[in-house]
Amino acid sequence: MNDPVLLVVAHGSRDPRHAATVHALTRRVRSLRPGLRVETAFLDFNAPAVPQILGRLATDGVRDVVALPLLLTRAFHAKADIPAVLRQAPPSLRVRQAEVLGPSPLLLGAVERRLYEAGLRPADKSSTALVLAAAGSTDPEAIAVIAHTARELRHTGWCAVRPAFASASLPRTEDAVRSLRAEGHSRVAVAPYVIAPGRLPDRIAAGAGEADVIADVLGASPELARLLLERHDEARIEYASAISA
């Protein structure tokens, strides 16, 4: 069985930095596995749209596609929006939706990479309190995954880790920073747990004004690129097992 095409499905944004970051990430994925066809599509705001790419793949004679939600948690987009648009695929395509990216140890590595790029060192972990600032969701499963990720980061040696959210959930980034200060932590860092720039990441950055360090978004990090390939391979193996059973 040939490798299925990897179709990375991003949310999209009016902010041009979002699409630029997504394309930089998929370029990095292609560089890691040159023989794999990698396509990018967006649910909203940006082109190409998912149906457009699915139609192009069918025209090219592709049979198998792994559609990978470029999402850190399983919330509404992964559970409803993406399955709905994938059901519009041409009948000649066999499309399998991969799991979302989180949780994963590779994401913890990407978070720490960005913190070190912002000026921290591994030796600073035991004296630095960390705010893990996510976009936010009303989905309890998604909130639980962010809390789990914060606990996993704490286990790697940070002296405290507090989840925070830019929307839909509490606490906000600025409140988490102040809470850690009130607990006596002299150095507080904010790690945006988001993939690409946009309105909500900007809100996280604004809320991090009282922090000592603010990291960049995860972006086209090597860890994230490896994780996309990992999710593609998992879906490919599951599909091959299903059709051979």
Does the salt bridge (charged side-chain N to carboxylate O under 4.0 Å, His left out) test come out yes or no for Asp233 and Arg33, once each step is laid out?
CA-CA 12 Å; Asp233 293 344; Arg33 192 173 296 179; 2.7 Å; yes
Which residues pass the ring-ring contact (aromatic ring centres under 6.0 Å, His included) test with His11, not counting sequence neighbours?
His77
Can you list the residues that meet the ring-ring contact (aromatic ring centres under 6.0 Å, His included) rule with His23, with sequence neighbours excluded?
Phe42
Would you sort out whether Leu6 and Val65 count as a side-chain contact (heavy atoms from CB on, under 4.5 Å), showing the intermediate values?
CA-CA 6 Å; Leu6 172 57; Val65 178; over 6 Å; no
Membership question, hydrophobic clusters at under 4.5 Å side-chain separation (ILVMFWY): are [Y] and [X] in the same one?
X: Val100; Y: Val50; answer: yes
X: Val9; Y: Val95; answer: yes
X: Val85; Y: Leu70; answer: no
X: Val66; Y: Ile82; answer: no
X: Val145; Y: Leu224; answer: no

Restricting to non-hydrogen atoms, name the atom on [X] and the atom on [Y] that form the minimum distance, rounded to 0.1 Å.
X: Ser104; Y: Glu230; result: OG-OE2, 4.4 Å
X: Pro90; Y: Gly55; result: CG-CA, 4.1 Å
X: His18; Y: Ala10; result: NE2-CB, 4.3 Å
X: Arg154; Y: Cys159; result: NE-O, 3.3 Å
X: Pro163; Y: Ala150; result: CD-CB, 4.0 Å
X: Ser167; Y: Arg203; result: CB-NH1, 3.7 Å

Nearest-0.5 Å distance, [atom1] of residue [X] to [atom2] of residue [Y]:
X: Thr138; Y: Ile143; atom1: OG1; atom2: CD1; result: 8.0 Å
X: Leu227; Y: Leu68; atom1: CG; atom2: CG; result: 8.0 Å
X: Glu39; Y: Gln52; atom1: CD; atom2: CD; result: 10.5 Å
X: Ser13; Y: Leu200; atom1: OG; atom2: CG; result: 9.0 Å
X: Leu115; Y: Leu130; atom1: CG; atom2: CG; result: 5.5 Å
X: Asp15; Y: Phe45; atom1: CG; atom2: CZ; result: 11.0 Å

Take Leu107 and Val111 through the test side-chain contact (heavy atoms from CB on, under 4.5 Å) and record every step on the way to the result.
CA-CA 6 Å; Leu107 289 172; Val111 167; 5.6 Å; no
Test item: [X] and [Y] side chains (from C-beta on) under 4.5 Å apart, heavy atoms:
X: Leu229; Y: Leu36; answer: yes
X: Val22; Y: Thr40; answer: yes
X: Arg28; Y: Leu228; answer: no
X: Pro4; Y: Arg94; answer: no
X: Arg87; Y: Pro83; answer: yes

Name the residue from Asp60, Asp3, Asn2 that meets the side-chain hydrogen bond (donor to acceptor under 3.5 Å, both in side chains) definition with Arg37.
Asp60
Looking at [X] and [Y], would you say the former's side chain and the latter's main chain have a donor-acceptor pair under 3.5 Å?
X: Thr128; Y: Lys125; result: no
X: Arg172; Y: Ser169; result: yes
X: Ser179; Y: Ala176; result: no
X: Gln97; Y: Ala78; result: yes

Got a sec, which hydrophobics cluster with Phe76, joining ILVMFWY side chains under 4.5 Å apart, including via others?
none
Residues clustering with Val217 (ILVMFWY side chains joined when closer than 4.5 Å, directly or via others):
Val131, Val177, Leu180, Val188, Val190, Val194, Ile204, Ile214
Is the CZ atom of Arg14 crowded by more than 12 outside heavy atoms at less than 6.0 Å?
no
Dump the intermediate steps for salt bridge (charged side-chain N to carboxylate O under 4.0 Å, His left out) on Glu117 and Arg114, then the final yes or no.
CA-CA 5 Å; Glu117 289 172 351; Arg114 295 306 188 218; 2.9 Å; yes
Between [X] and [Y], does any side-chain N to carboxylate O distance fall below 4.0 Å?
X: Asp212; Y: Arg181; value: yes
X: Arg178; Y: Glu210; value: yes
X: Asp202; Y: Arg17; value: yes
X: Glu141; Y: Arg74; value: yes
X: Asp175; Y: Arg162; value: no
X: Arg96; Y: Asp64; value: no

Pair Arg187, Ser127: side-chain N/O donor-acceptor within cut-off below 3.5 Å
yes
Summary of ring pair (Phe, Tyr, Trp, His ring centres under 6.0 Å) pairs that have at least one residue in residues 115-145, sequence neighbours excluded:
none
With ring pair (Phe, Tyr, Trp, His ring centres under 6.0 Å) as the rule and sequence neighbours excluded, what pairs involving residues 181-231 come up?
none
For a side-chain contact (heavy atoms from CB on, under 4.5 Å) check, start with the C-alpha distance between Glu112 and Thr156, then their side-chain angles and the critical distance, and finish with the verdict.
CA-CA 10 Å; Glu112 293 193 332; Thr156 69; 3.1 Å; yes
Verify side-chain contact (heavy atoms from CB on, under 4.5 Å) between Arg231 and Leu101, making sure each step is shown before the conclusion.
CA-CA 7 Å; Arg231 292 289 184 258; Leu101 300 177; 4.1 Å; yes
